[in-house]
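First up is the structure itself, then whatever we jot down about it.
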Amino acid sequence: MSKSGAWKQLERDAAALFGCVRFKANTGGDLDFGNTRVVGQVKHRKNLSLEQLTRLAEEMAAKA
């Protein structure tokens, strides 16, 4: 599977975990998946400081 295909599958798996649907990449939004109760964005990071994680969580909460 290509890197792109693997990444899309990871987004689909995350969406399924939360009972959501994956948004197509060409929608132009910042979110990877969501429904009426949950939104999410898949990140693949080796390192993420607590400050960066907090900022990301606050950004997602605002978009929800």
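Side-chain atoms are counted along with the backbone in the values below, which use heavy atoms only and exclude waters and symmetry mates.
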Minimal non-hydrogen separation, Gly34 against Cys20, with atom names: O-CB, 3.6 Å

Non-hydrogen atoms of Phe33 and Val42 that approach each other most closely: CE2-CG2, 4.1 Å

Residues Glu59 and Arg55 bridged, charged N to O under 4.0 Å: no

Least distance between heavy atoms, Gly5 atom then Arg12 atom: O-NH2, 4.2 Å

Side-chain donor-acceptor contact under 3.5 Å, Ser49 with Gln52: yes

Interatomic distance, Phe23 atom CZ to Leu31 atom CG [nearest 0.5 angstrom]: 6.0 Å

Approximate separation, where rounding is to 0.5 Å, of Lys43 NZ and Leu48 CG: 9.0 Å

Closest approach of Val39 to Met60 (non-hydrogen atoms, all atoms of both residues): CG2-O, 3.9 Å

N/O donor-acceptor pair under 3.5 Å between Asn35 side chain and Val21 backbone: no

